[in-house]
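Comments concern the structure below.
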Amino acid sequence: MKRNLSFDFIRCVAIVFVICIHSMALIDGMVNLSIFPRLVKTVLDTFIYSGVPLFIMLSGSLLLTKEESLSVFFIKRIRRILLPFFLWSMLVYAILYVQEGGRNPMEWFTFFIYKYVTSGVYGIYWYVYLILGLYLITPLLRKILSGGDRSLVFYMVGLVSVIYLFVELFPNVSVTNRFACQNLLYIFYFLWGYIIRVYLQPLAYFKVIARIGLGISCGVFMLTGYVGIPLCNLQLVVSTLFLFSVMVTMKFKQSGIFSDIIRYISKTSYGIYLSHFMFISLFLKFSFVYHIPIAIEPLVMVMLVLFAECILMYAIIRMRLDKWLDRKST
């Protein structure tokens with residue numbers, strides 16, 4: 001069975017965006033940027049914050065269309081998500097333990113367990129807890145979506161969308177603001193990934209509308225960002241929906257170097273996510289980074305980190321330590 005390379009491409013783009021977000025520290029710290037660096041930052045800001053939403057939408061589009069038993073579903077998630085996460089968390093926490101001068105073994109173990117079951121041993125690991133929360137409600141969503149009643153499907157998606165928009169537009173209304181707005185936003189993305197793939201993608205003019213919508217939304221996004229108007233969540237939501245819609249309709253050749261690179265990065269994207277920040281921290285310790293023109297520093301950092309990650313993932317695969325990363329599709 002041939003892989004759908006459009007899904008692999010979405011994963012590649014998403015992980016590159018995530019790496020870029022975490023590589024923006026130097027340029028984000030600059031207050032008065034000249035014209036070219038400010039333009040580069042505006043373009044990057046227009047796209048890179050779609051990284052996590054793209055992962056969520058892809059998960060929704062794939063998981064919510066599958067049929068499998070509860071036991072099979074959760075065993076897969078434990079093996080593909082929790083096991084690599086536990087192993088990488090131990091490694092990361094051990095490195096932090098050494099950097100902080102060390103604690104006694106019992107104190108180390110106690111703090112590790114506490115961090116692992118609550119917020120994660122490192123800040124960026126919040127995403128893993130988010131995706132695990134979505135997995136918990138996936139069997140329920142599957143039951144509703146597979147019922148064959150379109151009106152119920154659109155009612156559920158519409159209800160989540162309306163509640164999210166209301167909270168976003170009227171943040172001071174305390175009753176609606178008690179909803180977990182951030183979590184609701186990702187449920188919104190999760191469901192819309194499914195809606196786009198199942199209901200919208202087959203429509204006759206979907207590809208044209210998606211491309212026009214992406215062009216207009218990104219154009220407005222870049223213009224407002226360049227003149228200094230703060231990033232708006234609604235702008236990000238709209239541009240992300242159109243970006244996913246465009247990429248999910250893209251076609252790729254099954255053979256060729258570009259296709260092989262897409263497959264490789266896609267298969268190792270979870271391992272790259274769990275470890276990429278270590279390479280960013282490492283490269284920031286070298287003085288050459290601070291001599292790179294600030295306008296291209298994030299892009300150079302992304303290329304360096306991605307190159308290093310590909311070597312690391314290859315070494316892990318060659319040593320048959322594949323359990324350290326998820327090498328299968330969601």
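Keep in mind it's a predicted model, so treat the numbers as computed, not measured.
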statement: Those residues at least two apart in sequence (or on a different chain) that pass salt bridge (charged side-chain N to carboxylate O under 4.0 Å, His left out) with R142 are E68

message: As a quick check of understanding, evaluate side-chain contact (heavy atoms from CB on, under 4.5 Å) for K76 and I81, giving each step before the final call.
response: CA-CA 8 Å; K76 283 182 179 180; I81 303 296; over 6 Å; no

message: Using a 3.5 Å distance criterion without hydrogens, assess whether the side chain of S269 forms a donor-acceptor pair with backbone atoms of S266.
response: yes

- request: Working to the nearest 0.5 Å, report the span between NZ of K207 and OG of S245.
  value: 12.5 Å

message: What I'd like to find out is whether the side chain of L82 reaches to under 4.5 Å of the side chain of L132, using heavy atoms alone.
response: yes

- request: Report the distance from atom NZ of K41 to atom CG of D45, rounding to the nearest 0.5 Å.
  value: 4.0 Å

CA sep, side-chain torsions, deciding dist, call: V40, I294, side-chain contact (heavy atoms from CB on, under 4.5 Å): CA-CA 10 Å; V40 172; I294 194 66; over 6 Å; no

query: What closest approach, in Å, do I10 and F244 show between heavy atoms, and which atom pair accounts for it?
result: CD1-CE1, 3.7 Å

query: Transitively linked via ILVMFWY side-chain contacts under 4.5 Å: L282 with L299?
result: yes

- prompt: Angle class for the F258/F9 ring planes (parallel below 30°, perpendicular above 60°, tilted otherwise)?
  reply: tilted

field: Between NE2 on residue H276 and CG on residue L312, distance to nearest 0.5 Å
entry: 13.0 Å

- prompt: For Y205, does the OH atom sit with more than 12 other heavy atoms under 6.0 Å from it, leaving out its own atoms?
  reply: no

Heavy-atom check, side chain of L134 versus side chain of S59, under 4.5 Å: no

query: Should I216 and I196 be counted in the same cluster of Ile, Leu, Val, Met, Phe, Trp and Tyr side chains packed under 4.5 Å apart?
result: no

- request: Compute whether any side-chain donor of one residue and acceptor of the other, for Q235 and S217, lie under 3.5 angstrom apart.
  value: no

Neighbour count >12 (heavy atoms, 6.0 Å) for atom OH, Y129: yes

- prompt: Considering all heavy atoms of both residues, which atom of I292 and which atom of I296 are nearest to each other, and what is their separation?
  reply: CG2-CG1, 3.7 Å

- prompt: Does any non-hydrogen side-chain atom of R11 lie less than 4.5 Å from one of L54?
  reply: no

field: Within one Ile-Leu-Val-Met-Phe-Trp-Tyr cluster: F86 and Y127, side-chain cutoff 4.5 Å
entry: yes

- prompt: Who pairs with S255 by side chain to side chain donor-acceptor pair (under 3.5 Å), at least two apart in sequence or on another chain?
  reply: none

message: Show the nearest heavy-atom pair for residues T268 and Y264, with the distance to one decimal.
response: OG1-O, 2.8 Å

Verdict with reasoning, F190 to T138, per side-chain contact (heavy atoms from CB on, under 4.5 Å): CA-CA 9 Å; F190 198 60; T138 293; 3.4 Å; yes

- line: Nearest heavy-atom contact between I316 and W88 is CD1-CZ2, 3.8 Å

field: Euclidean distance, I280 CD1 relative to E309 CD, rounded to 0.5 Å
entry: 9.0 Å

- prompt: Given the rule that I, L, V, M, F, W and Y join up when any side-chain heavy atoms are under 4.5 Å apart, are I209 and Y199 in one cluster?
  reply: no

query: Does a donor on one side chain and an acceptor on the other come within less than 3.5 Å for S61 and W192?
result: no

message: When you compare the side chain of Y270 with that of V128, does any pair of heavy atoms fall below 4.5 Å?
response: yes

- prompt: Is there side-chain contact between K267 and D8, with heavy atoms separated by less than 4.5 Å?
  reply: no

task: Take F17 and Y49 through the test ring pair (Phe, Tyr, Trp, His ring centres under 6.0 Å) and record every step on the way to the result.
output: CA-CA 7 Å; F17 284 177; Y49 293 101; 9.5 Å; no

message: Quick check on the 6.0 Å ring-centre criterion: do F74 and Y135 meet it?
response: no

- prompt: Do you know which of I56, L241, V157 makes side chain to side chain contact (heavy atoms under 4.5 Å, CB included) with F188?
  reply: L241

- prompt: Say you draw a straight line from CG of L141 to CD1 of I187; how long is it, rounded to the nearest 0.5 Å?
  reply: 7.5 Å

- prompt: Within 45 degrees of the axis of the six-membered ring of F73 and under 6.0 Å from its centre: does R77 put its NZ or CZ there?
  reply: yes

- request: Decide yes or no for L58 and V248: does some side-chain heavy atom of the first lie under 4.5 Å from some side-chain heavy atom of the second?
  value: no

- prompt: Hey, mind stepping through Q254 and S259 against side-chain hydrogen bond (donor to acceptor under 3.5 Å, both in side chains) and telling me if it holds?
  reply: CA-CA 6 Å; Q254 290 291 323; S259 299; over 6 Å; no

- line: Taken to the nearest 0.5 Å, the spacing of I124 CD1 from H22 NE2 works out to 5.5 Å

query: Can you find a heavy atom in the side chain of S275 that is under 4.5 Å from one in the side chain of M313?
result: yes

query: If you take all heavy atoms of L5 and K253, which pair is closest and at what distance?
result: CD1-O, 3.1 Å

- prompt: Can you name the residues that form a side chain to side chain contact (heavy atoms under 4.5 Å, CB included) with S89, not counting sequence neighbours?
  reply: F85, F112, Y116, V121, Y125

task: Begin from the C-alpha positions of W126 and V52 and carry the test side-chain contact (heavy atoms from CB on, under 4.5 Å) through to its verdict.
output: CA-CA 11 Å; W126 66 270; V52 169; 3.9 Å; yes

query: Does the side chain of F277 reach to within under 4.5 Å of the side chain of I19, using non-hydrogen atoms?
result: no

message: Do F307 and I257 land in one hydrophobic cluster if side-chain heavy atoms of ILVMFWY residues count as linked below 4.5 Å?
response: no

statement: On a heavy-atom basis, the closest approach of C218 and F47 is SG-CE2, 3.6 Å

